[in-house]
Amino acid sequence: MPSKKQAPVATPATPADPAVLPAGVSAADMHAAIAKFVAILGPQNVVTDADHIAPYTKVMIAESEDLHRPSAVIYAREVTEIQQILKVCNEYKVPIWTISTGRNFGYGSAAPQSAGQVVLDLKHMNRILEVDPVLCTALVEPGVTYQQLKDYLDENDIPLWLSCPAPSAIAGPLGNTVDRGVGYTPYGEHFMMQCGMEVVLADGDVLRTGMGGVEGTSAWQVFKWGYGPYLDGIFTQSNYGIVTKMGMWLMPKPPVYKPFCIRYDKDEDIHDIVETLRPLRIANVIPNAMVFANVMWEAAAIMPRSKYYDGIGVTPDSVLEEIKAKEGLGAWNVYAALYGTKEQVEVNWQIITGAIKASGKGTIITEEEAAGTQPFDYRAKLMRGDMTLQEFGLYRWRGGGGSMWFAPVTAAKGSETVEQTRLAKEILGQYGLDYVAEYIVGMRDMHHVVDVLYDRSDPDEMARAHECFAKLLSEFGKRGYAVYRVNTAFMDQAADLFGPVKRKIDQTLKRALDPNGILAPGKSGIRI
Amino acid sequence: MNPRILPLVPVGAALLTLLAVSAGAAPPPPSRQTPSGQWASAQVVWEKTCARCHTTGVGPELRGRALPPEYITSVVRNGLLAMPAFPHTAIDDASLESVARFVSTSKLPKPAAKR
C-alpha cells in the first residue's frame with residue numbers, strides 16, 4: 001500500500017515564562033518546571049499566555065484579581081500524568097491549585113488562593129466511569145458536569161435523579177462535593193451521599209478510600225466507611241490530595257413529585273417557620289433540603305432591583321413592601337417537596353397542611369397554582385435535580401458582578417435564626433449592602449446563606465464589601481457562629497474561628513501528607 | 001489495580017417499588033471520554049449553556065442584535081461583570097467561534113401570540 005504523505009501538524013510554541021511567580025520560587029526554577037510540564041503533557045496543555053489565563057482570573061470576590069492570578073494553567077487527562085506533575089512540583093516547590101470544573105462562584109471561582117500558583121485544570125478528565133441503575137450509584141471523574149451526567153441518565157433511560165447546587169448546568173458533582181456544597185433534594189447534603197474516592201497524594205501514591213483498597217471489591221460505591229479511620233473527610237475542603245474519582249449515590253426517580261411553596265408575610269415569621277417545619281424535617285415528613293428564601297432573594301430571581309429602586313445603599317423597607325405586594329412575594333418563602341408513591345405523598349401532605357393550619361401562619365402554593373411562573377419553576381427544578389441557571393439572577397439585583405457567600409451554620413431553632421438574621425442585616429446595612437438571604441435546611445442544622453452582592457466595578461463599594469465581610473465573620477464569631485465554607489480571600493480568618501488546636505491538627509496533617517506544601521497552599525487556611 | 005469500570009450485574013428486584021428500572025435490564029455502558037470543550041453544534045452550546053441565562057431574563061437578550069462575533073468570544077473568554085468566564089476546557093476555540101456566529105446571525109423570536 002503506497003504511503004501517503006502526512007501534512008505537517010502545527011506544534012504550539014513552548015509557553016513563555018509566566019508573568020507572575022509563586023511565592024518563594026525563582027524564575028529559573030519556574031522555567032525548568034514549565035519545561036518539564038511540557039515534556040509530560042505536551043505544549044498544548046501548558047499555557048502561560050494572557051488569553052488562556054484570563055478565564056481563570058475572573059473572580060467575584062472583593063479583592064483584586066492580581067492577588068489570585070495563576071502563573072500557568074495545565075491540563076491533565078490521566079492519573080499517571082498527575083503523578084508526574086506532582087514529582088516536578090516537589091522538585092521545584094511549585095504550588096498547584098486543582099480545579100475540576102472551576103465553577104465555585106462567590107467562593108473564589110477558578111482562581112487560586114494566592115498569586116502564582118499553577119492551576120491544574122482537570123476538566124478534560126470527564127469520564128462517567130459507572131452508573132449502577134440497581135444500586136443507584138455513580139463513579140465519576142472531576143471534569144464531569146451535572147449536565148453531562150443528566151444527559152447520560154436521560155440518553156440511557158435510567159430513572160435516577162441528581163442533586164445539584166444552583167448553577168447546576170455548568171458545575172460538576174466532584175468539585176461541589178469535595179468543597180462540601182449542598183443541593184435541594186433529599187440527597188442535598190452532597191458529602192453525606194458521597195461514597196468512595198480515588199486520591200492522588202503529594203508523593204504520587206494513589207489512595208482508594210472506603211472499600212476501594214480491597215482487591216476485587218464490589219462495595220466501593222456502597223459502603224462509605226471501609227475499615228479503620230475514615231479518611232474521605234480529610235480530602236474535602238482541604239489540600240491533602242487530588243481527588244481523581246468519586247463515588248456518589250443517586251436518588252431513584254419517585255412515582256410522584258410534589259413541590260410546594262409556603263409564603264409568609266412578615267420578617268419576624270422566620271421564628272415560627274423554623275419551629276413549625278423543623279419537626280417535620282427531622283421526622284423526614286419533609287425529606288429534602290428545603291429553603292427559606294427572603295424577599296430580595298426571591299425578587300432577584302425575576303428582576304433587577306432597578307425595577308423598583310434606583311437609589312444607592314440598602315433597599316428601603318418601603319420598597320420591599322411594594323415588591324411583596326406587586327410581585328406576590330412573601331417576606332419569607334419556603335420551598336419544599338414530597339417524593340414517593342401517591343399514598344406516601346398524600347399522607348405527608350395532610351401532615352404538612354395540618355401543621356401549617358395549626359400554626360396560624362403561611363399560605364401554601366402548589367405547583368398547579370404557581371402555573372409555571374418564576375421563582376417557583378426554578379425552585380421546583382432544583383428540588384428534583386434538574387438543570388437551571390435561573391438563580392444567577394441574584395447577580396443582576398444590584399449589578400456589577402460582585403458576590404461573596406457569607407454562610408454561617410445555624411442550629412435549626414427559631415430564636416437562633418432571629419438573632420442571625422438581625423445581626424446580618426444590621427452589619428450589611430452599616431456598609432450600604434442588602435440582606436439577600438436564604439436558609440438551606442439540613443438534618444438539624446441550617447446553612448444561613450447570605451449573598452453579599454456589590455458592584456465590583458466600583459472600587460469604593462468593593463472595599464466596603466471586603467470590610468463588611470470581615471466584620472460579618474468576626475461579629476458572628478464572637479457569638480459562636482462560624483461559616484460552613486468561605487471564599488479564598490477569607491480562608492484564614494474563617495479557620496481561626498475553629499480554634500488553634502484545629503488549625504494545628506490541620507497543619508500536622510499537611511506536613512505529614514505534603515511536606516513540601518505543593519498542594520493548594522492556603523486552602524481552608526492550611527499551609528505547611 | 002484498575003478501577004471497576006463496568007456496572008454491576010443486576011441481582012434482584014428487591015426495593016424497586018420506587019424505581020421503575022427492571023433489574024433484568026442491561027446496564028448501560030460507561031461513557032467514553034470525550035474531549036472536553038468540544039460541542040456537537042452551536043445549537044447545543046446555546047441551548048445547554050447560553051440560553052439558560054440569555055433567554056430567561058437573567059442575562060441580556062443577545063439574539064437579533066447582530067453582535068459582532070469577536071465581541072461575543074471576548075466576553076465569553078474574559079467574563080464581564082456578572083457574566084462568568086469560560087476557559088478553553090469548557091469550550092474550545094472552534095466551538096466558541098461557531099456559537100458566536102450563531103448568536104450574531106440569530107433573529108429574535110416573535111413573542112407567542114396571546115390566546
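All chains are named by letter (A, B, ...) in the order of the sequence lines, taking the proteins before the strands, and each is independently numbered beginning at 1.
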- Checking A/Phe105 against chain B: side chain, backbone, both or neither under 4.5 Å from a heavy atom? side chain

- Item | Separation of A/Asp377 CG from B/Thr56 OG1 (nearest 0.5 Å) | 10.5 Å

- Note on the structure: Greatest number of non-hydrogen atom pairs under 4.5 angstrom with chain B, of A/Glu391, A/Met387, A/Arg103, A/Glu155, falls to A/Arg103

- Task: Identify which part of A/Arg456 has an atom lying under 4.5 Å from any heavy atom of chain B, answering side chain, backbone, both or neither.
- Result: neither

- Query: Are there more than 12 heavy atoms of other residues, nucleotides or ligands under 6.0 Å from atom CZ of A/Phe223?
  - Reply: yes

- Applying a strict 4.5 Å limit to non-hydrogen atoms, the region of A/Asp151 in contact with chain B is side chain

- Message: If I compare all heavy atoms of B/Leu81 with all of A/Ser457, which pair ends up nearest, and what's the gap?
- Response: CD2-CB, 4.2 Å

- Query: How many angstroms lie between atom CG of A/Leu389 and atom NE2 of B/His54, to the nearest 0.5 angstrom?
  - Reply: 9.5 Å

- Query: Contact part of A/Phe392 toward chain B, heavy-atom cut-off under 4.5 Å: side chain, backbone, both or neither?
  - Reply: both

- Message: I need the minimum non-hydrogen distance between A/Ala54 and B/Asn78, along with the two atoms involved.
- Response: CB-OD1, 3.3 Å

- Item | Considering all heavy atoms, the nearest A/Lys58-B/Ala85 contact | CB-CB, 3.7 Å

- Nearest-0.5 Å distance that lies between atom CD in A/Gln44 and atom NE2 in B/His88: 13.0 Å

- Message: Could you check whether any side-chain N or O of A/Arg396 sits under 3.5 Å from a backbone N or O of B/Ala82, counting only pairs where one atom can act as donor and the other as acceptor?
- Response: no

- Note on the structure: Here the pair of heavy atoms bringing A/His124 nearest to B/Thr89 is NE2-CG2, 3.6 Å

- Proximity breakdown for A/Gln390 and chain B, heavy-atom pairs closer than 4.5 Å: both

